[in-house]
Amino acid sequence: MPIATDQQQIQQITTLAREFAREKIEPHAAEWDRTRHFPRDVIDEMGKLGFLGMCAPEEYDGMGLDALTYLMVLEEIAAADAAIAVSMGIHNAIPTTMLVKHGTPAQKERWLRPMARGEILAGFALSEADAGSDAASLRAQGVRDGKEWVLSGSKAWASNAGTADLMMIMVRTDTPDARRGAKGISTFIVPTDAKGYRPGKPEDKMGLRASNTAAIALEDLRLPADALLGDEGMGFVYAMEGLDAGRLGIGAQAVGIARRALEHSVKYCAERRQFGKAIQDFQAVQFKLADMATRVEAARAQAHRVAARKDAGEDVTTSASMVKLFASETAMWVTTQAIQLFGGYGYMRDFPVEKLFRDAKVTEIYEGTSEIQRIVIARGLRSGA
Ligand code: CAA
């Protein structure tokens with residue numbers, strides 16, 4: 001159970017994150033986006049501040065913070081550059097959750113401690129070229145060879161694939177003559193310097209261009225027995241648990257993107273003059289800004305409420321999907337309005353709202369599309385979750 005953080009502590013950590021984001025991230029975000037530069041030095045600095053161990057327990061050198069504080073910090077980083085937020089978010093949410101819940105003491109010592117200290121960066125590989133939304137249909141294979149495991153196949157669109165030190169990789173461990181569907185998948189802890197781990201070239205993406213996304217070839221990658229996380233055949237369930245935490249984080253990331261687009265819009269509408277007055281004095285503009293602000297506030301409030309319920313130990317699978325669905329669609333809507341308010345300037349790369357618009361789009365796609373979130377929510381309604 002996470003330590004309940006008091007208001008003063010929340011304030012201090014959020015202020016630290018905002019100042020760091022404004023000084024060390026935002027001034028460089030457009031350049032990193034243009035050049036597709038992944039600033040590992042900045043991630044390492046965030047690690048030193050504890051931002052890579054926010055949700056890891058204190059006994060493993062994490063900050064042991066609650067989900068609510070974590071989301072507030074993530075929003076600040078995302079408001080500066082969503083590409084940095086995604087690297088931080090995946091590391092904190094998915095591999096960390098998996099190790100905390102299912103790692104042995106030795107695995108936690110070996111991997112969780114340096115992750116929490118920010119000494120190593122972790123990622124997660126579930127999707128494959130032919131297994132996106134239907135994640136359980138993945139085909140990469142793990143085979144036992146004596147005491148070792150040998151992994152082969154390929155993964156797709158894995159965040160941090162070429163920049164992480166450690167990847168949590170989901171592969172099948174059932175046999176072709178006895179396929180077990182979702183229960184035939186296991187999770188492996190894979191150091192990225194292992195022989196046979198081959199990340200592809202970074203994908204040329206619409207948004208989040210500074211974050212590293214790549215395919216991975218697993219070429220007879222040999223791992224010791226203790227690279228298996230938890231129980232054989234439970235990897236899909238572990239991935240879904242990780243994604244419950246991850247989807248809340250994507251919600252906060254989307255809120256950060258939307259908030260920044262709103263802030264830029266408010267400032268621009270005060271400065272931009274047309275027909276003899278600032279455009280903020282037109283009621284059509286006022287209504288648009290009011291709607292943008294209302295949706296940002298609603299998305300943030302929903303995310304914080306669900307985070308508080310998670311901290312109280314409730315199952316938030318359905319609610320985390322609602323958070324991701326609403327926040328990501330809010331980010332897309334708000335950034336679209338921002339472009340409209342900026343007019344011709346909004347369509348130019350010289351102004352920040354164009355990047356925010358591109359960055360917003362993927363929040364409706366990764367860690368489960370909006371359609372997948374609706375499926376999870378509808379299933380939750382049926383089961384009363
Ligand atoms: N927590 C725990 N267990 C869960 C779970 C959860 N949230 N969701 C499902 N499970 C369990 C089920 O209970 C079931 O186990 P039992 O049979 O024992 O009950 C097992 O997992 C299989 O579940 P389903 O039958 O529901 O599986 P499904 O094949 O119907 O798939 C799905 C469900 C929700 C559609 C799932 O496939 C899904 O979420 N798809 C989207 C995948 C996704 O989000 N991919 C993102 C990849 S990461 C990424 O985006 C890149 C990045 O790095 C950012």
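Since this is a predicted model, take the numbers as computed values, not measurements.
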Stepwise, does the salt bridge (Lys or Arg N to Asp or Glu O under 4.0 Å) test hold for Asp231 with Lys183? CA-CA 10 Å; Asp231 293 328; Lys183 290 296 168 62; over 6 Å; no
| task | Looking only at non-hydrogen atoms, find the nearest pair between Ala164 and Gly123 and report the distance. | result |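 Minimum heavy-atom separation between Ala164 and Gly123: CB-N, 3.9 Å.
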Mind listing the closest non-hydrogen atom pair of Ala239 and Leu126 along with its distance?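 Residues Ala239 and Leu126, closest heavy atoms: CB-CD1, 4.3 Å.
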Checking the side chain of Arg172 only, and the main-chain atoms of Gly142 only, is there a donor and an acceptor separated by less than 3.5 Å?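 Absent.
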request  = Could you tell me whether the side chain of Asp281 and the main chain of Lys277 form a donor-acceptor pair under 3.5 Å?
outcome  =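 Side chain of Asp281 to backbone of Lys277: no pair is present.
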- Going by an N to O cut-off under 4.0 Å, is there a salt bridge joining Lys195 and Asp220?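 Looking at Asp220 together with Lys195, the answer is no, because their closest N to O distance does not fall below 4.0 Å.
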Quiz item: When you check the gap from the basic side-chain N to the acidic O, do Glu26 and Arg260 get nearer than 4.0 Å?
Solution: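 Yes, charged N to carboxylate O under 4.0 Å.
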Stepwise, does the side chain to side chain contact (heavy atoms under 4.5 Å, CB included) test hold for Leu341 with Lys288? CA-CA 9 Å; Leu341 288 167; Lys288 207 183 267 300; 3.7 Å; yes
Practice item. Show the numbers, then the answer: is there a side chain to side chain contact (heavy atoms under 4.5 Å, CB included) between Tyr268 and Tyr345? Key: CA-CA 10 Å; Tyr268 178 81; Tyr345 290 119; 3.2 Å; yes
Please lay out, stage by stage, how Ser127 and Lys155 fare under the test side chain to side chain donor-acceptor pair (under 3.5 Å).
-> CA-CA 6 Å; Ser127 305; Lys155 308 306 282 183; over 6 Å; no
Anything under 30° is parallel, anything over 60° is perpendicular, the rest tilted; go ahead and classify Trp32 against His37.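 If you compare the ring of Trp32 with that of His37, the planes turn out tilted.
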If we ignore angles and hydrogens, is there a donor and acceptor under 3.5 Å between the side chains of Gln373 and Ser321?
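A donor-acceptor contact under 3.5 Å links the two side chains.
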For the rings on Tyr366 and Trp157, is their centre-to-centre separation under 6.0 Å?
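No; Trp157 has its ring centre 6.0 Å or more from that of Tyr366.
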Hydrophobic cluster membership, with links at side-chain heavy-atom distances under 4.5 Å among I/L/V/M/F/W/Y: are Ile339 and Val285 in one?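 Yes, one cluster joins them.
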